Asker: 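One structure coming up, written as structure tokens, with questions to follow.
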Amino acid sequence: MKLKDEISGKLVEIGTSSYPMKIYVCGPTVYDKPHLGHLRTYIAYDAMVKYLRHRGTPVFYLQNITDIDDKIINRALETGQGPLVLSREYTQNYIDAMKYAGVDSVNYYAMATNHIKDIIKQIKRLEMKGFTYNLPDGIYFRVWMLKNYGRLKRQSPEEQKTGTRAKVADLKEDQRDFVLWKFKKEGEPSWKSPWGEGRPGWHIEDTAISLSFFGRKIDLHGAGRDLLFPHNEAELSIMTALKNSENVCTLWSYTGMLRINGEKMSKSLNNFIPFDELKEKYSREEVRFTFLSSLYSSDLDFSWSMLEESRKNVSYIRRSYEKLKKQSGKGVSIDVGTYRELLYRNMDDDFNTRVAISILIELASEIMKANNVEENSALEAKKLFDDANTFLGIMPEQRETGIPDQSIESLVKLRDLLRKKKLYAESDSIRDSLNNAGIVMEDGENGTIWRRE
RNA sequence: GGAUAGGUGGCAGAGAGGUGAUGCGUGGGACUGCAGAUCCCAUUUAUUAGGGUUCAAAUCCCUACCUAUCCUCCA
């Protein structure tokens, strides 16, 4: 599989080693409800990791959660809660959102506050190498020692100077320097360290977590594009300083921003749609379909009509899948192998889920057009849908109704009999009551079909 | 202002030199006790504008305009 790398700007082959691939994705800062922008990014990486595993590449997928930060403290002051109580609550919200979205590929969620020791250890090592200096409010990272700072952002040092926000921190040796450890302020959560009580800066949280798990090498670092600078640039700097290597991480990957009315959906712009609002209206599969229907790397302008569109497509694919289950004997033969090949080819090409999905729709359409699908083709097509679903997650699961298939079948037959006798009131009442039990009956050319909703 | 990514039908969105995917919407038809779904046909002279390279450009190059993201808060 090839994936675009931000630094080289090129497609890089991944998943070639039989060793587990080490994937790290920047998690959220938990000071507010998770929103659709988060879902977009994490669904993308979830599908990517699942696809790699489906194709036989073992993956260790690690994600951090920033549960101590300025934003959390500020929010806690507003609400009157303890900062760590607040972050714990929103962490749970985040985990719930991931569960809702079917994001279950992450091997471990690392909370920053559980890794204070690793953070301190890492700052010590930077200190020993001369990469830090003290100011009254904290320990800072010395950026000028790395001549390639700005590599990720692809800006030269001259370009970096233009437009820098010239405010505060005038004491810093260089405007680009960033804080590693913040000294304690009254009323803030703090931890002991060799430099006095305090708390970690944002950037070092990620490197401390990723490197303490992964050691020397990270195969893939993912994040939303808004984290590229300064956050990931700082991470890259820390890694480079620690390992004396610019290639600690092989590939930097970014998801595009979710927009709403042409603007980025974000907590700071306060234009976000929280996941619980979505949850009420749309299913996991519809949401995944929506986000995987665009390229992970492009921006996507959100609208509710996108979800309506997805709802129809999810239902269409699902209907064709249900139809497959009931095929037997002779009929139309479908070249499923070609569909599978096209699907994999597009997934392998920078994770083109958009085209992958359109291929599934075409397959579904071919199934729908056929009067009867030949037995072998039906089995293969079903297998392809199942396989694709292991990473896309767009096929609704069958809900158990508690009513055995046989009973449903006989009720369907009874209803047919009543319909033939034009006893519509009676036949409709069978349909209604099964409908209430979550079973949908639809009359078609080849008799009545039913499915669990 | 700088960096980066873009501008494709009514809408959403792929494709990256050789008849412009896919979905939604809209209009018409078929099927039909009703409901739902499905099928067929049409919407199809859709690649921001202007130059250039080429036998051939949505795709490569130049210029202009427009949009988004980032430029030390953000998935």
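As the structure is a prediction and not an experimental result, all values here were calculated from the model. Letters A, B, ... mirror the listed sequences (proteins, then strands); counts begin at 1. Computation of the quantities below employed the complete heavy-atom set of this structure, encompassing side-chain atoms and omitting hydrogens, waters and symmetry-equivalent molecules.
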Asker: Looking only at side-chain atoms of A:Met306, point me to the closest of B:C24, B:C70, B:A12.
Answerer: B:A12

Asker: Counting only side-chain heavy atoms from C-beta out, which of B:C39, B:A14, B:U69 sits nearest to A:Glu263?
Answerer: B:U69

Asker: Using a 4.0 Å heavy-atom cut-off across all strands, classify A:Asn352 as base, sugar-phosphate, or nothing.
Answerer: sugar-phosphate

Asker: Starting the side chain at C-beta, find the nucleotide from B:G36, B:A75, B:A35 nearest to A:Glu442.
Answerer: B:G36

Asker: With rounding to the closest Å, how many angstrom separate the C1' atoms on B:A35 and B:A68?
Answerer: 45 Å

Asker: So what does A:Glu233 hit on the nucleic acid, given a heavy-atom distance under 4.0 Å: a base, only sugar-phosphate, or nothing?
Answerer: nothing

Asker: Do the side-chain N or O atoms of A:Tyr316 get closer than 4.0 angstrom to the phosphate oxygens (OP1, OP2) of B:C39?
Answerer: yes

Asker: Please work out if A:Leu39 contacts a base, only the sugar-phosphate, or nothing of the nucleic acid, heavy-atom cut-off 4.0 Å.
Answerer: nothing

Asker: Which comes earlier along RNA chain B counting from the 5' end, the contact point of A:Arg40 or that of A:Phe229, where each point is its nearest nucleotide?
Answerer: A:Phe229

Asker: Heavy atoms under 4.0 Å, any strand shown: does A:Ser305 hit a base, just sugar-phosphate, or nothing?
Answerer: nothing

Asker: Phosphate oxygens OP1/OP2 of B:G36: is one of them under 4.0 Å from a side-chain N or O of A:Ser315?
Answerer: no

Asker: Between B:G2 and B:G9, how far apart are the two C1' atoms, rounded to whole Å?
Answerer: 35 Å

Asker: Between the side-chain atoms of A:Asp299 and the base atoms of B:G6, is any donor-acceptor pair under 3.5 Å?
Answerer: no

Asker: On a whole-Å scale, what distance lies between the P atoms belonging to B:U22 and B:A16?
Answerer: 16 Å

Asker: Should A:Glu322 and A:Arg318 count as an ion pair when the cut-off is N to O under 4.0 Å?
Answerer: yes

Asker: With sugar-phosphate meaning primed atoms plus P, OP1 and OP2, does A:Leu300 contact a base, only sugar-phosphate, or nothing at under 4.0 Å between heavy atoms?
Answerer: sugar-phosphate

Asker: Roughly how far apart, to the nearest Å, are B:U44 and B:C60 at atom C1'?
Answerer: 27 Å

Asker: Classify the nucleic acid contact of A:Ser310 as base, sugar-phosphate or nothing, counting any heavy atom under 4.0 Å across all strands shown.
Answerer: nothing

Asker: Among the candidates B:G15, B:U22, B:U72, find the nucleotide nearest to the side-chain atoms of A:Arg176.
Answerer: B:U72

Asker: Which class fits the ring pair A:Phe60 and A:Phe214: parallel under 30°, tilted 30 to 60°, perpendicular over 60°?
Answerer: perpendicular

Asker: To the nearest Å, how far apart are A:Leu236 CG and B:C70 C1'?
Answerer: 16 Å

Asker: Check whether any side-chain N or O of A:Lys267 sits under 4.0 Å from OP1 or OP2 of B:A75, and answer yes or no.
Answerer: yes

Asker: Can the ring centroids of A:Phe213 and A:Tyr108 be said to lie less than 6.0 angstrom from one another?
Answerer: yes

Asker: Mark yes or no for a side-chain to base donor-acceptor pair under 3.5 Å between A:Arg431 and B:A35, with no hydrogen or angle criteria applied.
Answerer: yes

Asker: Without decimals, in angstroms, what is the distance between A:Tyr61 OH and B:A75 P?
Answerer: 14 Å

Asker: Could you state the CH2-P distance from A:Trp252 to B:C70, rounded to the nearest angstrom?
Answerer: 18 Å

Asker: At under 4.0 Å between heavy atoms, what does A:Asp69 touch on the DNA or RNA strands: base, sugar-phosphate, or nothing?
Answerer: nothing

Asker: Take atom C1' in B:G18 and the same atom in B:U54, then report the distance between them in whole Å.
Answerer: 12 Å

Asker: Is there a donor in the side chain of A:Glu246 and an acceptor in the side chain of A:Asn148, or the other way round, less than 3.5 Å apart?
Answerer: yes

Asker: Looking at the base of B:C73, is there any donor atom on it, or on the side chain of A:Asp226, that sits under 3.5 Å from an acceptor on the other one?
Answerer: no

Asker: On the 0 to 90° scale, with breaks at 30° and 60°, tag the A:Phe178-A:Phe141 ring pair as parallel, tilted or perpendicular.
Answerer: parallel

Asker: Across the strands shown, which category fits A:Gly222 at heavy-atom distances under 4.0 angstrom: base, sugar-phosphate, nothing?
Answerer: nothing

Asker: So, A:Arg259 and A:Asp299, do they make that salt bridge, N to O below 4.0 Å?
Answerer: yes

Asker: With a 4.0 Å cutoff (strictly under), does any side-chain N or O of A:Lys420 reach OP1 or OP2 of B:G33?
Answerer: no

Asker: In whole angstrom, give the distance that lies between atom CD1 of A:Ile359 and atom P of B:G15.
Answerer: 12 Å

Asker: For B:A35, which nucleotide in any strand shown is its Watson-Crick or wobble partner with both distances under 3.5 Å?
Answerer: none

Asker: Please determine whether a side-chain nitrogen or oxygen atom of A:Lys369 lies at a distance below 4.0 Å from atom OP1 or OP2 of B:C40.
Answerer: yes

Asker: When rounded to the nearest Å, what value does the distance between C1' atoms of B:A58 and B:U19 take?
Answerer: 14 Å

Asker: Which is true for A:Lys264 with a 4.0 Å heavy-atom rule: it touches a base, it touches only sugar-phosphate, or it touches nothing?
Answerer: base

Asker: Determine the interatomic distance between C1' on B:C73 and the same-named atom on B:G10; round to the nearest Å.
Answerer: 39 Å

Asker: Which nucleotide, B:A37, B:C34, B:U22, lies nearest any side-chain atom of A:Ile361?
Answerer: B:U22

Asker: Counting side-chain heavy atoms from CB outward, which of B:U38, B:A75, B:C34 is closest to A:Met368?
Answerer: B:U38

Asker: A:Arg345 near the nucleic acid: base, sugar-phosphate alone, or nothing, with a heavy-atom cut-off under 4.0 Å?
Answerer: nothing

Asker: Rounding to an integer number of Å, can you tell me how far A:Tyr140 OH sits from B:U72 C1'?
Answerer: 11 Å

Asker: Any donor-acceptor pair under 3.5 Å joining the side chain of A:Lys71 to the base of B:C73?
Answerer: yes

Asker: Is it true that A:His231 and A:Asp206 share a donor-acceptor pair across their side chains at a distance under 3.5 Å?
Answerer: yes

Asker: Under 4.0 Å, counting only non-hydrogen atoms across every strand here, what does A:Tyr42 touch: a base, just sugar-phosphate, or nothing?
Answerer: sugar-phosphate

Asker: Of the candidate nucleotides B:A21, B:A75, B:C70, which contains the atom at the shortest distance from the side chain of A:Ser358?
Answerer: B:A21

Asker: Considering only atom P, compute the distance from B:G27 to B:C61 and round it to an integer number of Å.
Answerer: 43 Å

Asker: From the options B:G23, B:C71, B:G33, select the nucleotide whose nearest atom is closest to the side chain of A:Arg419.
Answerer: B:G33

Asker: Check this for me: does any side-chain nitrogen of one of A:Arg176 and A:Glu233 sit under 4.0 Å from a carboxylate oxygen of the other?
Answerer: no

Asker: Grab the CZ-P distance between A:Phe289 and B:U22 for me, whole Å please.
Answerer: 14 Å

Asker: By nearest atom, which of the nucleotides B:G13, B:C39, B:U69 is closest to the A:Arg354 side chain?
Answerer: B:G13

Asker: State the pairing partner of B:C11; accept Watson-Crick or G-U wobble contacts with both distances under 3.5 Å, and report none otherwise.
Answerer: B:G23

Asker: What is the nucleic acid contact for A:Gly27, judged by heavy atoms within less than 4.0 Å: base, sugar-phosphate only, or nothing?
Answerer: sugar-phosphate

Asker: Over how many whole Å does the gap from A:Asp350 atom CG to B:A14 atom P extend?
Answerer: 12 Å

Asker: Aromatic rings A:Trp304 and A:Phe302: how do their planes relate, parallel, tilted or perpendicular, breaks at 30° and 60°?
Answerer: perpendicular

Asker: If you pin A:Cys26 and A:Asp349 to their nearest nucleotides in RNA chain B, which one's is more 5'?
Answerer: A:Asp349

Asker: Check if the side chain of A:Arg311 and the base of B:C24 share a donor-acceptor pair of N or O atoms closer than 3.5 Å.
Answerer: no

Asker: Tell me which nucleotide among B:G33, B:C71, B:A75 gets nearest to the side chain of A:Tyr424.
Answerer: B:G33

Asker: Ring centroid separation for A:Phe351 and A:Tyr51, is it under 6.0 angstrom?
Answerer: no

Asker: Rounded to the nearest angstrom, tell me the gap between atom CD in A:Glu322 and atom P in B:U38.
Answerer: 14 Å

